[in-house]
Amino acid sequence: MNAFHQMVTPSYTEMQKQFRNWVLDYSDLLYNHAMMKGFEKSFAQDLVQETFYSAWKSIEAFEGKASAKTWLFVILKNKITDHFRKAAPIQVPIANEHQFFDDDGHWEKSAFPRELMIDPTSESDNDEFHRILENCSAKLNGTHKAVFWMKYMDDMDSDAICATLSISANNYWTMIHRAKVQLRACLEKSWLMIHKL
Amino acid sequence: MKNISCKEAVDLILRKEEGKISLLSSVKLQYHLTVCRLCRTFLKQNSLINRHVRKRNQTMKYRLSDEDKESIIHNALNSKP
């Protein structure tokens with residue numbers, strides 16, 4: 001090793017210091033992201049731990065082309081995708097559609113969408129709606145949850161989601177449809193129960 | 001033009017959100033929405049959900065304790081790089 005090489009190669013202690021800063025700077029963001037996807041507290045912590053474990057193992061491969069934050073999020077999201085893949089074999093679950101639509105595809109009377117009257121300028125309305133959203137999205141089944149969060153949290157489009165979960169486009173549209181209709185019904189029920197409209 | 005069912009309309013609303021809708025389907029959807037109050041309400045609720053999910057993503061709600069962070073550092077560093 002020549003003198004120049006020694007100068008630009010960070011020492012082990014420097015790498016440790018760098019790594020420590022990454023944990024201090026980004027672990028909250030990663031943890032928040034996992035919690036927002038509706039995972040249990042202890043599982044979200046495990047995901048963050050595993051993310052940093054993998055990051056440290058491959059720290060020398062990190063070239064700084066993307067920011068460390070972006071790099072860490074890629075690792076975390078891959079771990080979450082792996083989890084979704086393993087947790088439930090991806091297949092279109094048989095949900096009873098009849099809860100929402102009749103045989104002709106018209107809204108069932110019990111599932112008629114109703115106005116929610118949420119005041120977008122009211123902070124308490126917004127907070128309350130977020131709380132309900134959290135409860136209702138936690139109730140989605142595994143595969144619906146995976147599709148829903150990838151689309152609305154990670155802003156992935158249908159092609160990317162189908163490729164990631166190895167599902168067909170038709171399966172995808174069926175799942176996103178069911179997830180949305182179920183979520184909407186749950187939100188409406190909870191909201192109207194509180195506001196007794 | 002034959003009117004589509006509400007179930008089909010919901011499907012098209014979700015496809016439109018991604019820009020994956022043909023011109024013909026788009027026209028069918030527009031027509032359905034002008035005659036169906038229920039689906040107009042669904043459309044409104046759908047946008048409301050999307051807006052709130054996005055907004056919620058940007059809020060920082062959960063944090064790790066200092067001890068948790070130290071233990072993450074400790075556990076990771078005890079494996080060889």
Side-chain angles (χ1 to χ4, degrees), chain A residues 12 15-16 19-20 23-24 27-29 31-36 41 44-45 48-49 51-60 97 100-102 104-107 112-116 118 120 126 129-130 133-134 137 148-149 151-153 155 157-158 173-174 176-177 180-181 183-184 187-188, chain B residues 2-21 25 32-33 35-81:
Chain A
Y12 186 73
M15 282 199 294
Q16 279 185 318
F19 179 77
R20 193 185 156 77
V23 176
L24 298 179
S27 59
D28 280 337
L29 288 173
Y31 178 65
N32 187 61
H33 180 90
M35 288 297 285
M36 287 294 199
K41 206 175 149 198
Q45 279 182 2
V48 177
Q49 173 75 71
T51 299
F52 280 109
Y53 185 82
S54 302
W56 176 243
K57 273 202 298 194
S58 51
I59 195 162
E60 279 173 292
E97 291 254 305
F100 304 110
F101 297 101
D102 66 18
D104 297 325
H106 293 118
W107 292 102
F112 276 8
R114 290 165 63 187
E115 291 283 348
L116 293 181
I118 296 177
N126 280 325
F129 193 74
H130 282 204
L133 186 65
E134 211 151 303
S137 55
F148 185 79
W149 287 130
K151 176 164 165 62
Y152 292 101
M153 231 176 128
D155 271 323
D157 74 356
S158 57
W173 289 111
T174 308
I176 203 80
H177 177 116
K180 232 1 177 339
V181 171
L183 184 69
R184 200 221 102 242
L187 287 169
E188 186 186 280
Chain B
K2 197 173 155 282
N3 190 11
I4 54 175
S5 73
C6 298
K7 197 177 160 191
E8 286 170 294
V10 166
D11 192 51
L12 292 180
I13 287 170
L14 297 175
R15 284 174 192 259
K16 196 176 175 183
E17 214 174 77
E18 271 192 34
K20 288 180 177 154
I21 185 171
S25 298
H32 183 89
L33 288 173
V35 297
C36 180
R37 192 176 51 82
L38 292 173
C39 285
R40 282 202 300 278
T41 307
F42 175 86
L43 179 67
K44 251 200 226 167
Q45 288 187 347
N46 184 56
S47 325
L48 184 82
I49 295 171
N50 293 352
R51 250 196 339 267
H52 277 273
V53 171
R54 298 237 152 80
K55 211 157 135 199
R56 177 177 165 273
N57 292 350
Q58 286 152 14
T59 54
M60 195 58 202
K61 199 175 153 190
Y62 301 100
R63 286 169 203 281
L64 290 164
S65 67
D66 289 345
E67 295 84 61
D68 287 335
K69 288 176 194 170
E70 288 306 326
S71 108
I72 286 172
I73 296 169
H74 178 82
N75 291 340
L77 291 184
N78 276 342
S79 61
K80 285 254 177 299

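Numbered from 1 within each chain, the chains take letters A, B, ... in sequence-line order.
Dense packing is recorded around CZ of B/Arg54, with more than 12 heavy atoms of other residues, nucleotides or ligands lying under 6.0 Å away.
Using the six-membered ring where Trp is involved, B/Phe42 and A/Trp107 have ring planes that are tilted, between 30° and 60° apart.
To the nearest 0.5 Å, the span separating CD on B/Gln45 from CG on A/Leu187 amounts to 8.0 Å. Taken from CD in A/Glu115 to NZ in B/Lys44, the straight-line distance is 3.5 Å, to the nearest 0.5 Å. Taken from OH in A/Tyr53 to CG in B/Asn78, the straight-line distance is 10.0 Å, to the nearest 0.5 Å. Once rounded to the nearest 0.5 Å, the distance linking OG1 of A/Thr174 with CG of B/Leu14 reads 11.0 Å.
If you tally non-hydrogen atom pairs under 4.5 Å between each of B/Lys61, B/Glu70, B/Met60 and chain A, the highest count goes to B/Met60. If you tally non-hydrogen atom pairs under 4.5 Å between each of A/Lys41, A/His33, A/Met35, A/Lys151 and chain B, the highest count goes to A/Met35. Each of A/Thr51, A/Asn126, A/Ile118 has some count of heavy-atom pairs under 4.5 Å with chain B, and the biggest count is that of A/Asn126. In terms of heavy-atom pairs under 4.5 Å with chain B, the best-connected choice from A/Phe112, A/Phe52, A/Tyr152 is A/Tyr152. Among the candidates B/Ile13, B/Leu48, B/Thr41, the residue making the largest number of heavy-atom pairs closer than 4.5 Å to chain A is B/Thr41.
With a threshold of 4.5 angstrom between heavy atoms, A/Ile176 approaches chain B through its backbone and through its side chain. Looking at A/Phe129, only its side chain comes within 4.5 Å of chain B, counting heavy atoms on both sides. The contact between B/Arg15 and chain A is made by backbone and side chain atoms together, counting heavy-atom distances below 4.5 Å.
Taking every heavy atom of both residues into account, A/His106 and B/Cys6 meet most closely at CD2-SG, 3.9 Å. Residues B/Glu18 and A/Ser158 approach most closely at OE1-OG, 3.0 Å, considering heavy atoms. The two residues A/His177 and B/Val10 come nearest to each other via the heavy atoms CE1-CG1, 3.5 Å. Across all their heavy atoms, B/Tyr62 and A/Glu134 have their closest contact at OH-OE2, 2.8 Å. Taking each heavy atom of A/Tyr12 and B/Leu77 in turn, the nearest pair found is OH-O, 4.2 Å.
Between B/Glu17 and A/Lys180 a salt bridge is recorded (basic side-chain N to carboxylate O distance below 4.0 Å). A/Asp28 has a carboxylate O that lies under 4.0 Å from a charged side-chain N of B/Lys69, or vice versa, which qualifies the two as a salt bridge.
Using a 4.5 Å heavy-atom threshold, the side chains of A/Met36 and B/Thr59 count as touching. Side-chain contact check for A/Asp157 versus B/Lys20: some heavy-atom pair is nearer than 4.5 Å. Looking at B/Ile72 and A/Gln45, their side chains never come closer than 4.5 Å, going by heavy atoms from C-beta outward. Between A/Arg184 and B/Asn46 the shortest side-chain heavy-atom distance does not fall below 4.5 Å. At a threshold of 4.5 Å between non-hydrogen side-chain atoms, the residues B/Arg56 and A/Leu133 count as touching.
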*asked:* Is there a side chain to side chain contact (heavy atoms under 4.5 Å, CB included) between A/Tyr31 and B/Asp68? Walk through the geometry before answering.
replied: CA-CA 11 Å; A/Tyr31 178 65; B/Asp68 287 335; over 6 Å; no
